[in-house]
Amino acid sequence: MENYSKRVLVTGGAGFIGSHVIRRLLKHYPNYLIVNLDKLTYAGNLQNLSDVDSLPNYRFERVDITDADAIRAVFANFQITDVIHLAAESHVDRSIEGPMDFVMTNVVGTVNLLQIAKDYWKGSDNHVFHHVSTDEVYGSLGDEGLFTESTSYDPRSPYSASKASSDHFVRAFYHTYGLPVKMSNCSNNYGSHHFPEKLIPLMIHNIQHNKPLPVYGKGDNIRDWLWVEDHASAIDAIFHRGRVGESYNVGGLNEWTNIELVKFLCNLMDEKLGREIGESEKLITYVTDRAGHDKRYAIDATKLEHELGWKPSILFEEGLSKTVDWYLENQDWVEKVTSGSYQEYYDQMYLNR
Ligand code: NAD
Ligand code: DAU
């Protein structure tokens, strides 16, 4: 245990972004012990890490972040030196259906981790607690402007309210107890291993299977999309070189309306599936809008670029093409995550809209 230069607890490592973060850490830092702590909810899948889980410096612990005794035991058993906290309930539509799981995991679970890290590290500042958060805490933009780190918090969905609350607790632990925290607030990610309830993987899945493509409202809401591996590289930079007590926005300056994006995916997949161009667009179905649907998100990541030299590495069109290829080539993964309660959820969320 002593031979590792850091023993990093990554929460939510079996999820979409967490699995990319773990893969990157294992590749770049073989002298770290990486402990993946995950409850394995519907969104967590150990298959996401099947290419790296036999590495000698990787461990997995199935634990709920609200379980204080179990978390304390993990800190003690692995002598945890640092935390990268990603575990969360992450889907806005689910938070509208039932906010309480979001309060429990995102708020109570985060405070539980903060409290245990504070007690275990006993005031020593030779540690990092990196909290991974979202741009949704800033609310919704009009046609102009970008979110900066000093934009006031204005969360509007139960999901973003729970993430905003967790951000406030992270800052409170820094100011009150001197816990060495760092924070990042990122825009929408896309890439491999993304659960097919979110816009891009859901559309890929439905285009492939000739199912309706549910576009909320008029499809004119705007999101700023970032390649998930670029988010992982930003977390790496902030975790290692970011200033303690600071927040960093992460985003790709890559704004698309939902309908433009869905049409782009339709054409891309028509090409890849050998369909006539325009065929998949016929599947587009406008459905009832999301309640309280935030109009536009767009991130100013200047601070991260200037202080830490981070930049996105890949163009959206190229990243989307790679993403579609990954889904088409990994049908066993898709079948695994869409079995069980997925169809029930899908029917309830989309077909009744
Ligand atoms: P995800 O839903 O794919 O994965 C979440 C993971 O957390 C899953 O493996 C799940 O099993 C685990 N988990 C959930 N509840 C838990 C609990 N109580 N205890 C332990 N583990 C639990 O989410 P994601 O999209 O990978 O997001 C990861 C983090 O990044 C979240 O904090 C999210 O708010 C943030 N974020 C996501 C995006 C995005 O576009 N997806 C953008 C910015 C920030
Ligand atoms: O901005 C960062 C956030 O991005 C993260 O914090 C969240 O965890 C992540 O889920 C994501 O939230 P969004 O609500 O923006 O992502 P989602 O993929 O659910 O929706 C993207 C846009 O597409 C949004 O405007 C709603 C719309 N949409 C979504 C789905 C699932 C549709 O039109 N149809 C759909 O079926």
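We count ligands from 1, going down the list as the structure has it; atoms in each ligand are counted the same way.
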Item to complete: Considering heavy atoms of the protein only, find what lies nearest to atom 3 (O) of ligand 1 and give residue, atom and distance to 0.1 Å.
Response: Phe16 N, 3.0 Å
Worksheet item: Who are the residue neighbours of ligand 2 when the rule is a heavy atom under 4.0 Å from any of its atoms?
Response: Ser90, His91, Val92, Thr134, Asp135, Glu136, Tyr159, Cys186, Ser187, Asn188, Glu197, Lys198, Leu199, Leu202, Pro214, Val215, Tyr216, Asn221, Arg223, Asn258, Arg290, His293, Tyr297, Tyr350
Discussion item. Among all the protein's non-hydrogen atoms, which is closest to atom 38 (C) of ligand 1, and how far away is it?
Written reply: Ile17 CD1, 3.5 Å
Worksheet item: For ligand 1, which atoms, with element, lie under 4.0 Å from some heavy atom of Tyr159?
Response: 33 (C), 34 (O)
Discussion item. Could you check whether any heavy atom of Ala14 sits closer than 4.0 Å to an atom of ligand 1, since that is the contact criterion I want to use?
Written reply: yes
Item to complete: May I ask you to check whether Tyr29 and His240 place their ring centres under 6.0 Å from each other?
Response: yes
Worksheet item: Which protein heavy atom lies closest to atom 44 (C) of ligand 1, and at what distance to 0.1 Å?
Response: Ser133 O, 3.1 Å
Discussion item. Heavy-atom count check: over 12 atoms from other residues, nucleotides or ligands less than 6.0 Å from Lys272 NZ?
Written reply: yes
Fill in: Option whose closest heavy atom lies nearest to atom 14 (C) of ligand 1, chosen from Ser90, Gly12, Ala88, Ala87
Ala88
Practice prompt. Distance to 0.1 Å, residue and atom name: give those for the protein heavy atom nearest to atom 29 (C) of ligand 1.
Written response: Leu86 O, 3.2 Å
Worksheet entry | Option set Thr11, Thr41, Val21, criterion heavy-atom distance to atom 13 (N) of ligand 1, minimum | Thr41
Fill in: Identity and separation of the nearest protein heavy atom to atom 19 (N) of ligand 1
Ile65 N, 2.9 Å
Discussion item. Could you identify the single nearest non-hydrogen protein atom to atom 11 (O) of ligand 1 and state the distance to 0.1 Å?
Written reply: Asp38 OD1, 2.6 Å
Worksheet item: Taking the inter-plane angle between the rings of Trp333 and His193 on a 0 to 90° scale, is it parallel (under 30°), tilted (30 to 60°) or perpendicular (over 60°)?
Response: perpendicular
Worksheet, complete the sentence: Taking only non-hydrogen atoms of Lys163 and a 4.0 Å limit, the atoms of ligand 1 in range are 31 (C), 32 (O), 33 (C), 34 (O)
Discussion item. Please list, in number order, the atoms of ligand 1 under 4.0 Å from a heavy atom of Asn188.
Written reply: 40 (O)
